[in-house]
Amino acid sequence: MTSEAIRRLLEQRLMKARLASGGKDLRRVSVELDAGDIREAVLALPQGGRSRFVTIVAVDTGLDIELLYNFSLDGVLVTLRTSVQKETSTIDTITPMVPGAAFIEKEISELFGVEFVGHLRRVNLVLPDDWPTGKRPMRKPLVGDVIPQARASVENLLSGGTSIRVGPSSVVKREKAGLSKVLSLVSAKEDQMQEFKNLLARTGFDTRAGFDSRKGKLRYK
């Protein structure tokens with residue numbers, strides 16, 4: 001199969017996947033997917049000897065552990081890219097479908113602290129048996145791109161449209177004084193705030209900054 005044929009096949013079988021273009025030599029296909037879809041993605045690859053597991057590469061980005069599952073399919077390198085947040089650091093094992101992934105999953109588990117749910121091996125593979133459980137040699141602290149001095153301002157900006165937080169008590173005092181609930185530099189209108197949030201999502205700045213939109217906070221403050 002050519003890289004283009006593989007790309008079309010994965011588009012049909014993985015509705016949630018985000019496919020990137022191939023390299024200059026057209027011998028590479030890269031697919032981005034959520035961690036919960038990794039087993040489905042592995043099963044979507046053609047079986048019967050045409051698909052060969054190569055390895056899994058782990059990269060600590062500061063906020064997450066990125067995992068690159070590499071397969072060779074008819075001479076084309078297929079990479080299934082996903083990531084797990086450090087707060088959970090869990091993902092399903094692919095060993096039931098790909099037994100050859102057992103060693104590399106265990107190595108990543110020991111060095112980066114990622115738990116591959118369903119992996120059967122419990123004894124250490126690369127670290128000494130008495131190695132501290134909470135210490136992972138290749139794992140960085142949970143941190144994003146925003147420097148400590150700017151984290152409070154960035155968090156307030158992303159959550160409320162201003163670098164200055166207006167707390168509930170301040171809102172009451174401003175109302176009693178005949179002032180607006182929020183400062184003039186705040187995106188007070190709901191449609192303006194939604195436009196602002198849409199902009200963040202399109203640019204990916206909230207993700208790069210490590211902002212949890214559900215909690216309205218930076219993940220590492």
Side-chain angles (χ1 to χ4, degrees), residues 14-21 30-38 41 57-69 79-92 108 111-115 117 134-221:
L14 299 172
M15 302 301 294
K16 298 179 183 179
R18 302 169 294 278
L19 275 74
S21 59
S30 181
V31 181
E32 295 184 7
L33 61 153
D34 295 334
D37 298 325
I38 187 62
V57 177
V59 180
D60 189 331
T61 66
L63 288 168
D64 309 303
I65 304 295
E66 186 178 16
L67 299 171
L68 286 69
Y69 293 73
T79 301
L80 308 176
R81 306 173 68 99
T82 189
S83 63
V84 295
Q85 292 189 343
K86 286 186 175 179
E87 295 91 327
T88 55
S89 297
T90 59
I91 190 171
D92 287 335
I108 292 173
L111 298 182
F112 290 88
V114 176
E115 178 187 357
V117 180
K135 187 177 181 180
R136 301 301 174 187
M138 300 296 290
R139 188 183 179 98
K140 303 175 184 177
L142 177 63
V143 66
D145 294 338
V146 183
I147 61 175
Q149 299 90 327
R151 288 175 188 171
S153 296
V154 170
E155 183 176 271
N156 292 334
L157 177 65
L158 298 182
S159 61
T162 176
S163 60
I164 302 175
R165 180 185 174 97
V166 181
S169 61
S170 298
V171 169
V172 174
K173 291 178 181 179
R174 290 179 62 84
E175 284 185 313
K176 289 181 178 179
L179 302 173
S180 62
K181 291 183 179 181
V182 291
L183 301 174
S184 59
L185 70 162
V186 180
S187 298
K189 294 183 179 180
E190 186 175 344
D191 58 339
Q192 292 176 341
M193 271 305 301
Q194 188 58 52
E195 182 180 0
F196 177 63
K197 291 178 180 179
N198 291 340
L199 176 62
L200 292 176
R202 289 198 305 271
T203 60
F205 177 77
D206 53 346
T207 301
R208 296 195 304 274
F211 180 70
D212 188 331
S213 57
R214 291 173 298 179
K215 297 181 179 179
K217 296 181 178 180
L218 289 177
R219 292 166 53 192
Y220 53 97
K221 181 180 175 185

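Everything numeric in this text was worked out from a predicted model, so none of it was measured.
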Return yes if some donor-acceptor pair links the side-chain N/O of Asn156 with the main-chain N/O of Ala152 below 3.5 Å, else return no. yes
Return the set of residues passing side chain to side chain donor-acceptor pair (under 3.5 Å) with Glu66 (not counting sequence neighbours), or none when no residue passes. Arg81
Using side-chain contact (heavy atoms from CB on, under 4.5 Å) as the criterion, list what pairs up with Thr207, not counting sequence neighbours. none
Looking at side-chain heavy atoms only, is the closest gap between Ile91 and Ile38 below 4.5 Å? yes
Taking every heavy atom of Ala35 against every heavy atom of Ser83, the minimum-distance pair comes out as CB-O, 3.6 Å
How far apart are the closest heavy atoms of Ala209 and Leu218, and which atoms are they? O-CD2, 3.5 Å
Not counting sequence neighbours, which residues clear side-chain contact (heavy atoms from CB on, under 4.5 Å) with Lys135? List them please. Trp131, Pro132
Exercise: identify the closest heavy-atom pair between Gly210 and Leu63: CA-CD1, 3.4 Å
With rounding to the nearest 0.5 angstrom, report the CZ to CG distance, Phe205 to Leu158. 5.5 Å
For Thr79, all residues meeting side chain to side chain donor-acceptor pair (under 3.5 Å), sequence neighbours excluded: Asn70
Supply the atom-to-atom distance Thr82 OG1 to Leu67 CG, rounded to the nearest 0.5 angstrom. 7.0 Å
Apply side chain to side chain donor-acceptor pair (under 3.5 Å) to Asp64 and list each qualifying residue two or more places apart in sequence or on a separate chain. Arg219
For Asp92, check salt bridge (Lys or Arg N to Asp or Glu O under 4.0 Å) against everything at least two apart and list the hits. none
Distance (rounded to the nearest 0.5 Å) between Thr90 OG1 and Gln85 CD: 10.0 Å
Find out whether Asp37 and Leu14 are in side-chain contact, i.e. whether some heavy atom of one side chain is under 4.5 Å from a heavy atom of the other. no
Heavy-atom count check: over 12 atoms from other residues, nucleotides or ligands less than 6.0 Å from Glu195 CD? no
Distance col, row Glu115:CD vs Ile108:CD1, nearest 0.5 angstrom, shows 14.0 Å
Point-to-point distance, once rounded to the nearest 0.5 Å, from OG of Ser30 to CG of Leu68: 7.0 Å
Does anything in residues 198-216 pair up under salt bridge (Lys or Arg N to Asp or Glu O under 4.0 Å), and if so which pairs, sequence neighbours excluded? Asp212-Arg214
Scan the side chains in residues 139-151 for donor-acceptor partners under 3.5 Å anywhere in the protein, sequence neighbours excluded, and list what turns up.
from, atom 1, to, atom 2, distance (Å)
Arg139, NH1, Ser89, OG, 3.3
Arg139, NH1, Phe112, O, 2.8
Arg139, NH2, Lys86, O, 3.0
Arg139, NH2, Ser89, OG, 3.1
Lys140, NZ, Asp60, O, 3.4
Arg151, NE, Val146, O, 2.9
Arg151, NH2, Val146, O, 3.4

